[in-house]
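What follows is a single structure, written as structure tokens, with notes after it.
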Amino acid sequence: MSQQSAPHPTDLVVFGGTGDLSMRKLLPSLYLLDRDGHLDARTRVVAVSREGLTDADFRDKAAAAVRGHRAVQVTEPDVLRRFLDRLSHVTVDVGGEQEGWDALTGALDPGRDRVFYLAVPPMISGRICHGLNEAGLVTGGSRVVMEKPLGRDLASARAVNDAVGAVFEESRIYRIDHYLGKETVQNLLVLRFANVFLEPLWNSRWIDHVQITAAETVGVGGRRGYYDSAGAMRDMVQNHLLQLLCLTAMEPPASYDRDAVRDEKLKVLQSLRPLTGDRVVEDTVRGQYGRGTVRGTEVLGYLDEPGGPAVSDTETFVALRAEIANWRWAGVPFYLRTGKRMSHARSEIVIRFREVPHTIFPGTNLPGAGSLVIRLQPDEGIHLTTLAKAPGAGALRLRSVPLELSFANTFATRSPEAYERLLTDVLAGDPTLFMRRDEVEAAWHWVDPVIEAWNGLSITPETYPAGSAGPAGAHRLIGRTGRTWYEEERPR
Ligand code: BG6
């Protein structure tokens, strides 16, 4: 899907190289890329941390991380050995001694491309970039990768962007939103722009509303500290959900080119009707999970999760109604929803079509209009509900019948992890699936007033039991206009 050139020999330097992201996502994805022949034989990974590990210690840790990863399943000893040989560890205290930077200089090869992956909290991104620059490590072709959350509001996002931008040009900054690396998200673009049949229907004339859901069964786990200062709005809506909204709503770009695609996404963000004041009260819902049972297991409520205060107004669930003020979408609500400790883990985009303008089947049990469901996870696929005649010689009855495209059944091949796609693109120098500065800032520009209104109007989260469908307010939000969340009518 990306516009890749041949792999280049690269030194991939991971700051936060022994941290959670590196162990859970980056190293297993790099292993899979290596196994499948997508890493140049000369590419190396240099993990940077303050931990004072030897290369051998780090390789042991990495091997355990790779073996324990769900997508790896069986490690092939030769491949694992080859992969581990690419790894090394350098101790750098970013704000400390010069010695660490010297060691890093010694570990890098002047003849290779350099990618600096900042798997660290964004507040220290600027300091790292400054250190790299001072140490003379930023060569002409160097790129930098940043993880979300990029700031906690527009002002802090600008500060991070300024600090990193002082060292790297915008075209060399890769801001990750891992949802853009998911197979079905890329497929959404193909579905919309490589087929002719959807485009005529893709507007307010034929679409009644859109639902975008990212529901998780997991809680905040060991991340309570981070999460308490973020909440679902900053953690999921500002980035993942708004990116999905952009890809769903954007105009056809003139080409699959880094800026053509990102220009169109930006226009969507800039067309979002501001959610402020009373509209925040009416059109947003905050929730926080209490104790409950998720898939048969009793789990703690958010406030009892270790690592954070016993009293907290942090939301673990958000539902909201957004509107895009442009010709294509005027009057079409986009309902966005995300939550932790929900009954089912499910991420999907549901396009709900309007009813037919005139029915020639009066008196039948019209079960409702059709939906197109783009399912990101689990069971990636595309699913179209259509109305069909229920078999039988009696009175005419209509049934909602799904037309299914399951990626697993159709393509007998493994779907790559989101990080495999994104790491491949960074190594190839293709930023199409990464967020540009103006997109990130436009998203904060829309999100900030909502958070300010929650604080200013003391809108506190409504408790929902873990393992449920979220707070009752979310059902009232969509129900006000006679609509329902998709799962309430899901064909079974
Ligand atoms: C991350 C959030 O960006 O996305 C997490 O910080 C969340 O809180 C995760 O759990 C969800 O990602 P995925 O790929 O499991 O849907």
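Order of listing sets the numbers, starting from 1, for every ligand and every atom in it.
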* Structure fact -> Heavy-atom proximity to atom 5 (C) of ligand 1, picking from Glu216, Arg234, Arg223, points to Arg223

* To do: Identify, for atom 15 (O) of ligand 1, the protein heavy atom at the shortest distance, and state residue, atom and that distance.
  => Gln377 NE2, 4.0 Å

* Does ligand 1 have any atom sitting under 4.0 Å from a heavy atom of Tyr179? -> yes

* Structure fact -> Between Ala62 and Leu27 the two heavy atoms that sit nearest each other are CB-CD1, 3.9 Å

* **Within 45° cone of Phe58 ring axis and under 6.0 Å: Lys61 NZ or CZ** => no

* Nitrogen or oxygen atoms of Tyr226 and ligand 1 under 3.5 Å apart -> no

* State, without any angle test, whether Gln377 and Glu348 hold a side-chain donor-acceptor pair at a distance under 3.5 Å. => no

* Residue Lys182 vicinity, atoms of ligand 1 by number, heavy atom under 4.0 Å -> 13 (P), 14 (O), 16 (O)

* Structure fact -> For Asp235, the atoms of ligand 1 under 4.0 Å from one of its heavy atoms are 2 (C), 5 (C), 6 (O), 8 (O)

* Asked: Taking both backbone and side-chain atoms of Tyr227, is any N or O found less than 3.5 Å from an N or O belonging to ligand 1?
  -> no

* Below 4.0 angstrom from a heavy atom of Lys340, which ligand 1 atoms are there? Numbered from 1 as shown, please. => 5 (C), 7 (C), 8 (O), 10 (O)

* So which pairs with a foot in residues 439-459 pass ring-ring contact (aromatic ring centres under 6.0 Å, His included), sequence neighbours left out? -> none

* Return yes if a side-chain donor-acceptor contact under 3.5 Å exists between Tyr302 and Thr463, otherwise no. => no

* Asked: Are Asn161 and Met146 close enough, and set up right, to give a side-chain contact (heavy atoms from CB on, under 4.5 Å), and what steps lead you there?
  -> CA-CA 10 Å; Asn161 282 329; Met146 291 203 287; 4.1 Å; yes

* Should Lys148 be counted as touching ligand 1, given the test is an N or O pair under 3.5 Å? -> yes

* Asked: When you measure from atom 12 (O) of ligand 1 to every protein heavy atom, which one gives the shortest distance, and what is it?
  -> His178 NE2, 3.1 Å

* Could you pull out all residues at least two apart from Phe15 that satisfy ring pair (Phe, Tyr, Trp, His ring centres under 6.0 Å)? => none

